[in-house]
K.L.:
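Dropping the structure in here first, questions after.
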Amino acid sequence: GGSPHRPTRLEPGAHIFPMAKLVGYANFKRSNPMTDRFDMRAFHHVEFLCGDAQTTAARWSYALGMPLVARSDLSTGNTRFASHVIGSGGIRFVF
């Protein structure tokens, strides 16, 4: 036997995870010295891992108005994975 799983009901406005107080960048206190701030000049791209790179890239492309600028998939001979890149100016997102 055993009882069937029942989802927990939340009261309106209740949160599953406790809310953290936002302190802002200037007031943030680090508890780990290995995470000190470092100078950043630029970054090459931001990569998102997803199950369907083509659809995800198409949706983000439409939402942000950024065109597809590169891809690597079966059509380009890549049999291991698919990557689709959208970009505009110096910003590139890889899915």
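One-based numbering along the sequence shown. The shown structure was predicted, so the numbers you read here are calculated from the model rather than taken from an experiment.
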K.L.:
Please examine the side chains of Phe93 and Met66, heavy atoms only from C-beta on, and report whether any two atoms are closer than 4.5 Å.
P.N.:
yes

K.L.:
Distance check, rounded to the nearest 0.5 Å: Ser88 atom OG versus Leu64 atom CG?
P.N.:
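These two atoms lie 9.5 Å from each other.
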
K.L.:
Taking it one step at a time, do Asp52 and Gln54 satisfy side-chain contact (heavy atoms from CB on, under 4.5 Å)?
P.N.:
CA-CA 6 Å; Asp52 183 355; Gln54 183 176 4; 3.9 Å; yes

K.L.:
Side chains of Ile86 and Phe95: does their closest heavy-atom pair fall under 4.5 Å?
P.N.:
yes

K.L.:
Determine whether a donor-acceptor pair (N or O, by modelled atom type, separation under 3.5 Å) exists between the side chain of Arg92 and the backbone of His44.
P.N.:
yes

K.L.:
Output the distance between atom CZ (Arg59) and atom SG (Cys50), rounded to the nearest 0.5 Å.
P.N.:
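Rounded to the nearest 0.5 Å, the CZ-SG separation comes to 11.0 Å.
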
K.L.:
Check whether the side chains of Ser75 and Asp73 place a donor and an acceptor atom closer than 3.5 Å, and report yes or no.
P.N.:
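Ser75 vs Asp73: donor-acceptor pair found between side chains.
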
K.L.:
Any chance you could measure Trp60, atom CH2, to Leu68, atom CG, to the nearest 0.5 Å?
P.N.:
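Rounded to the nearest 0.5 Å, the CH2-CG separation comes out at 15.0 Å.
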
K.L.:
Let me check something: do Val94 and Leu74 share a hydrophobic cluster, defined by ILVMFWY side-chain heavy atoms less than 4.5 Å apart, either directly or through other members?
P.N.:
no

K.L.:
How close do Ser61 and Pro67 get, counting heavy atoms only, and between which atoms?
P.N.:
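Ser61 and Pro67 have their closest heavy atoms at OG-CA, 4.0 Å.
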
